[in-house]
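As structure tokens, the structure follows; a few thoughts come after it.
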Amino acid sequence: MNKKSIKDVDVHGKRVFCRVDFNVPMEQGKITDDTRIRAAVPTIQYLIDQGAKLILASHLGRPKGKVVEEMRLTAVAERLSQLLEKEVTKTNEVIGPEVIQKVAGLHNGDVLLLENVRFDAREEKNDAELSRQFAALADLFVNDAFGTSHRAHASTAGIADYIPAVAGFLLQKELEILGSALQTPKRPFTAIVGGAKVKDKIGVIENLLTKVDNLIIGGGLAYTFIKAKGLEIGKSLLEEDKIELAASYLRQAEEAGVRIYLPVDVVVVDEFSPHPPIVKIVDIDQIPADLEALDIGPKTRELYADVIRSSQLVIWNGPMGVFEFDQFALGTNTVAKALADSEALSIVGGGDSAAAIEKAGLADEVDHISTGGGASLELLEGKILPGVAVLNDKEVR
Ligand SMILES: Nc1ncnc2c1ncn2[C@@H]1O[C@H](COP(=O)(O)OP(=O)(O)O)[C@@H](O)[C@H]1O
Ligand SMILES: O=C(OP(=O)(O)O)[C@H](O)COP(=O)(O)O
């Protein structure tokens, strides 16, 4: 990587604004998977050991510019404090007098965590004033939020307009591993895309079609494609205004000789809950109008596992179903197991996919678990991520 890292600068006694991705899955105020917090510890620990005054910033969820009590970073600060075996002070606001005062009180090696940066509507607008306010807190910007580096926001990109900017260890490691896997991909190369962020993920498919041999689509994302094929999807997740786009991708794939795999059967329910009264397996052309598909069915599981087993490189992003409910985790677990068993170089990306593979106890069986879902997909597309582009280049000797 030709970008400077924290090893290239002297941080002793400096105020360091470090963007991390602590966007962890939560249930009833409790963190259900702390992978992303643990992944940031090497950078945080290094900065502490070097005597930096550390200001950490992260988002959690999508509070849309307002304070949402359940999305405060309180539980995250507690977990980080346990992992570091050190006090982590958290502010109650994103920016303002309280933050300025607490930053002024930092000693070398102290750690301060700002409140969820997305409580401030200016964050996602990459607003210059907020970027300046963040920059004014610190002498150096460190981006270690690989999972959010595909977003050009005030704390991931804008801040770098005003102070020197370098990469943290996690960002560096992710770029190296993903970069080398993608440079000359082993073939057959299969991408598996699932999850629920249809709007975000559908866009990457066009570029993926120029890179992969097989594209497996599952999770909530699949139903916009099924609909595009002219089939009924009942109450399943649908992005109405993306149906045309999905149809055009199906055509493009055919022209490019890329095989797209969609569910051939699904598990449908009458209620989005862990134990719905009605749970049925139906073929894909038989989804009843009043039911919703929450997982792929047994024939699809087998089909997807076969494709994975015959691949040499597999990149997986996004669960195949609502895996948080055990009853609908079979599709996701089958993919996880096939990936673990296969000879392929296997890379898993995304908060939820990482959580799913941890939950299945297979984390050690895959080659790399990336902390970024959307970010790894955009990298896979060949894009330069905004949170990386803003970092200072290494000096050429
Ligand atoms: N068929 C489905 N209908 C609704 N939601 C789904 C479906 N399949 C998967 N999901 C949901 O997708 C979410 C993960 O989506 P996403 O954030 O896009 O994945 P990742 O974090 O791995 O990138 C999970 O909470 C899961 O419950
Ligand atoms: O969870 C994240 O992305 P991912 O679900 O694609 O891995 C990142 O924290 C970015 O969050 P965002 O997609 O709300 O910008």
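Counting convention: from 1, in listed order, for ligands and their atoms alike.
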Inspect the contact between [Y] and [X] and indicate whether a charged nitrogen and a carboxylate oxygen are less than 4.0 angstrom apart.
X: D393; Y: K3; answer: yes
X: E123; Y: R19; answer: yes
X: K125; Y: D127; answer: no
X: D21; Y: R36; answer: yes
X: D110; Y: R15; answer: no
X: K30; Y: E27; answer: no

Looking at [X], which atoms of ligand 2 are within less than 4.0 Å of one of its heavy atoms?
X: R118; value: 11 (O), 12 (P), 14 (O), 15 (O)
X: T148; value: 9 (O)
X: N23; value: 1 (O), 2 (C), 8 (C), 9 (O), 11 (O)
X: G373; value: 4 (P), 6 (O), 7 (O)
X: R62; value: 12 (P), 13 (O), 14 (O)
X: D21; value: 8 (C), 9 (O)

Below 4.0 angstrom from a heavy atom of [X], which ligand 1 atoms are there? Numbered from 1 as shown, please.
X: G220; answer: 1 (N), 2 (C), 7 (C), 8 (N), 9 (C)
X: E324; answer: 24 (C), 25 (O), 26 (C), 27 (O)
X: Y223; answer: 1 (N)

**Asked** Would one find more than 12 heavy atoms of other residues, nucleotides or ligands at under 6.0 Å from atom CZ of R132?
**Response** yes
**Prompt:** Would you find more than 12 non-hydrogen atoms of other residues, nucleotides or ligands less than 6.0 Å from K7 atom NZ?
**Reply:** no
**Prompt:** Taking the six-membered ring for Trp, are Y46 and F169 parallel (under 30°), tilted (30 to 60°) or perpendicular (over 60°)?
**Reply:**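 Ring orientation of Y46 relative to F169: perpendicular.
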Option of least heavy-atom distance to [atom] (set: [options]):
atom: atom 23 (O) of ligand 1; options: M320, K201, K197, K235; value: K201
atom: atom 5 (O) of ligand 2; options: H150, K197, E378, R151; value: K197
atom: atom 5 (N) of ligand 1; options: V322, V266, V267; value: V322
atom: atom 3 (N) of ligand 1; options: G194, A356, S236, A293; value: A293

**Prompt:** Looking only at side chains, do E124 and H59 share a donor and an acceptor under 3.5 Å apart?
**Reply:** no
**Asked** Side chains of K359 and N333: is there a donor and an acceptor less than 3.5 Å apart?
**Response** no
Which residue and non-hydrogen atom of the protein lie closest to [atom], and at what distance in Å?
atom: atom 21 (O) of ligand 1; result: D352 OD2, 2.9 Å
atom: atom 6 (O) of ligand 2; result: G374 N, 2.6 Å
atom: atom 10 (N) of ligand 1; result: G321 O, 3.9 Å
atom: atom 11 (O) of ligand 2; result: H59 NE2, 3.3 Å
atom: atom 2 (C) of ligand 2; result: R36 NH2, 3.4 Å

Check whether any N or O atom of [X], backbone or side chain, sits under 3.5 Å from an N or O atom of ligand 1, and answer yes or no.
X: A196; value: yes
X: S353; value: yes
X: P319; value: no

**Request:** Go through the steps to decide whether Y261 and I192 satisfy the test side-chain contact (heavy atoms from CB on, under 4.5 Å), and finish with yes or no.
**Result:** CA-CA 9 Å; Y261 294 88; I192 312 167; over 6 Å; no
**Hydrophobic cluster identity match, I216 and V266, side-chain contacts under 4.5 Å** = no
**Message:** Taking 4.0 Å as the limit for heavy-atom contacts, which would you say applies to K201 with ligand 2: side chain only, backbone only, both, or neither?
**Reply:**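 Looking at K201 and ligand 2, no heavy atom falls under 4.0 Å.
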